[in-house]
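The structure under discussion appears below in the form of structure tokens.
Convention: sequence-line order gives letters A, B, ...; per-chain numbering from 1. Computed from a prediction, not measured in an experiment: that's the story for all the values here.
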Number of protein chains: 2
Amino acid sequence: MSEITIKDVARICGVGVSTVSRALNNHPDINPETRDKILSVIKENNYIPNNSARNLKRQDAKAIAVLVKGIDNSFFNEMIKDMEAECKKKKYSLVLHHVGFMEDQVDAALELVKEKRLRGIVFLGGYFENNEKKLEQLHVPFVLSTAGAVPTSYSRNLYSSVCVDDEKESYKMTDYLIRQGHHNIAIIYEKGMTESISMLRLRGYQRALSDHGIPVREELMLATRPDIKDFSLENGYAVTKDFLQKKIECTAIYAISDIMAIGAGKALAEEGLRVPEDMSLAGFDGVNIGGYVNPSLTTIKQPGEKIAQETMKLLFDMILKKAECQHKIFDGELVVRGSTRCI
Amino acid sequence: MSEITIKDVARICGVGVSTVSRALNNHPDINPETRDKILSVIKENNYIPNNSARNLKRQDAKAIAVLVKGIDNSFFNEMIKDMEAECKKKKYSLVLHHVGFMEDQVDAALELVKEKRLRGIVFLGGYFENNEKKLEQLHVPFVLSTAGAVPTSYSRNLYSSVCVDDEKESYKMTDYLIRQGHHNIAIIYEKGMTESISMLRLRGYQRALSDHGIPVREELMLATRPDIKDFSLENGYAVTKDFLQKKIECTAIYAISDIMAIGAGKALAEEGLRVPEDMSLAGFDGVNIGGYVNPSLTTIKQPGEKIAQETMKLLFDMILKKAECQHKIFDGELVVRGSTRCI
DNA sequence: TTGTAAGCGTTATCAA
DNA sequence: TTGATAACGCTTACAA
């Protein structure tokens with residue numbers, strides 16, 4: 001009943017353990033006949049090598065990890081499959097690991113690198129403030145992907161990064177709404193660290209208003225509720241519901257994520273407000289679902305596929321060619337759909 | 001530069017490695033002063049224990065794993081956080097592992113059990129046909145959660161399970177639509193193994209029609225496209241688009257997942273058909289987003305939270321109390337919302 | 001309360 | 001082409 005090990009396989013085959021190991025790892029220096037025999041014994045006896053033992057001993061695990069902040073971020077999920085594809089091309093295995101909202105991504109990375117002997121890391125999303133020292137301990141190349149939240153004080157040679165310019169893209173959306181005649185634009189954002197993605201997008205909104213000579217009004221800046229999951233449908237809904245009670249003059253609501261915008265849409269519907277006739281509604285990210293709701297959602301589409309591919313390119317350049325750290329910024333695309341209108 | 005190990009920590013502290021290990025694992029038989037000193041040295045030197053080595057040696061890793069089929073299933077993602085909560089109560093750690101569409105869940109489980117010395121497994125979703133022998137090799141208790149697709153030939157003492165009766169619930173939805181006056185009801189389903197969840201739901205649909213004396217018509221049974229991701233927005237959309245071209249008489253479309261129903265909704269909108277005035281639309285699962293689209297989606301709500309909790313209860317009963325295998329079936333709830341109407 | 005030493009199941013080294 | 005054997009970094013008897 002106790003699990004079978006490489007020693008048992010060796011004994012059954014009448015060979016040494018190293019020969020079994022060679023068969024297992026496709027080493028060239030083994031007689032094809034012996035290898036086939038060993039492989040068939042392995043199959044018959046359902047032997048499965050212990051990965052902990054392998055990782056412990058092995059020096060060259062051709063593997064990288066993608067550490068994703070949060071578990072149900074549609075935008076990230078759409079990117080992951082692109083990363084897996086790129087990784088496969090390089091014959092590396094990709095360890096996917098989700099880190100909870102309260103966990104520290106860098107701690108998780110540090111642990112994982114030791115455990116699996118990883119050669120590189122991708123951080124998908126997340127915050128990196130007050131973490132420079134820990135990041136320095138990460139002795140493998142890493143790329144911050146779609147994680148705008150890196151303090152400018154960090155050395156640019158510490159890491160690579162790929163993202164959109166969140167402030168600029170948010171400016172683009174706000175500017176568009178203003179040009180459509182909207183002056184009272186509410187924004188749904190998440191209060192956070194200065195360099196968090198949400199705060200960058202808030203700054204873009206504020207700057208666009210200022211550039212158009214429109215005062216930035218406190219009562220139109222709707223912070224999400226800390227007691228509800230961040231960036232969720234529920235949060236967008238709750239915030240908007242509260243806002244609408246106050247009857248503040250407003251012709252457009254811009255949520256800094258599509259999912260929250262969809263949540264806001266429900267609150268609008270419940271209050272009898274039609275989109276876009278009574279209220280324009282806009283999001284950010286460009287997740288698939290935004291194109292499927294009714295009316296479909298005007299948004300800033302991040303080029304997820306490009307970002308994913310470039311992320312892997314930078315990572316493998318650093319791993320394989322010892323390339324320097326690089327910082328790529330992609331443009332987002334303003335996608336105008338049915339949820340906004342000119343007034 | 002090379003990574004620091006427990007030996008280094010021991011050397012720096014001037015103690016033996018076992019003492020460091022004791023400090024690390026909160027063993028009671030250690031002098032609090034030595035422990036504090038060791039802990040501070042660990043912190044200063046950023047020592048992180050190697051999990052592979054720990055797993056290899058440790059016999060009693062209080063850990064279970066949840067193996068999830070697919071990465072962006074909203075319904076599963078909503079359940080996972082409930083499972084994590086239950087697990088925390090038992091002071092077990094929960095290893096979350098996603099298995100791709102082409103991978104075999106049981107193989108992944110077998111590997112993971114060895115690697116992490118797991119005490120139990122939850123399979124969330126997936127198919128288990130032609131896998132009985134492999135499942136038998138899994139020498140830890142496991143629960144199939146929301147995985148209706150178990151051949152009836154399998155021994156009931158092999159595993160526990162928690163789910164809804166997919167055929168019955170699907171019957172419930174179809175019966176409801178019929179009672180609303182719909183006779184030409186199209187169903188969007190996925191062709192698959194006889195016992196797959198999708199086929200069970202299809203059978204419920206067929207049985208309801210028959211029971212009402214309505215013929216089951218081939219041209220109203222819309223199989224998803226194999227070239228598009230299964231259960232996706234895109235698939236629901238594509239299938240519906242094709243269907244509408246054919247101008248087949250029909251007053252209701254029932255998709256066996258909410259996400260596909262939402263996809264179908266877009267195709268309807270594009271063809272100028274209003275929901276529910278021109279076409280009723282229904283889904284299955286009861287994911288959050290269904291309550292946020294416009295009109296909100298009529299669906300069968302699976303009690304995800306209850307299922308998650310019961311799954312963990314059964315698993316821990318088996319692990320801790322050596323309880324027998326059990327098979328629980330929960331009722332789904334017909335949630336009537338704005339997307340369907342009486343004709 | 002602490003230290004020594006024996007594994008855990010592999011892979012890597014080296015000699016045969 | 002093979003087989004002993006020494007690591008890998010940790011936990012845990014057992015001895016002190």
Between B:V15 and A:R54, just flag the one whose closest nucleotide in DNA chain C comes earlier from the 5' side.
B:V15

With nearest nucleotides of DNA chain C determined for B:V17 and A:L56 from heavy-atom distances, which residue corresponds to the more 5′ nucleotide?
B:V17

Taking the side chain as C-beta and beyond, is there a heavy-atom pair between [X] and [Y] under 4.5 Å?
X	Y	result
A:R117	B:S52	no
A:L138	A:V113	yes
A:H97	A:L67	yes
A:E132	A:L135	no

Charged N to carboxylate O under 4.0 angstrom, B:K313 versus B:E310?
no

Looking at A:D72 and A:K229, is there a salt bridge between them, counting it only when a charged N and a carboxylate O are closer than 4.0 Å?
yes

Need one value for [X]: base, sugar-phosphate or nothing, where a base atom within 4.0 Å counts as base even if backbone is also close, heavy atoms only.
X	answer
A:N51	nothing
A:S18	base
A:N25	sugar-phosphate
B:R35	nothing
A:D29	base
B:T34	sugar-phosphate

Can you give me the first and the last nucleotide of DNA chain D (5' to 3') that has an atom within less than 4.0 angstrom of a non-hydrogen atom in chain A?
D:dT1 to D:dG9

Quick check: does any side chain N or O of [X] sit under 3.5 Å from a backbone N or O of [Y], one acting as donor and the other as acceptor?
X	Y	result
A:E195	A:Y127	no
B:E136	B:L158	no
B:T146	B:G125	no
A:H98	B:L96	no

Quick check for you: name the first and last nucleotides of DNA chain C, 5' to 3', having an atom under 4.0 Å from a heavy atom of chain B.
C:dT1 to C:dG9

Take the C1' atoms of the five end pairs on each side of the helix from C:dT1-D:dA16 to C:dA16-D:dT1, derive the two axes, and give their angle rounded to 10 degrees.
40°

is_close_aromatic(B:F123, B:F128), centroid dist under 6.0 Å:
yes

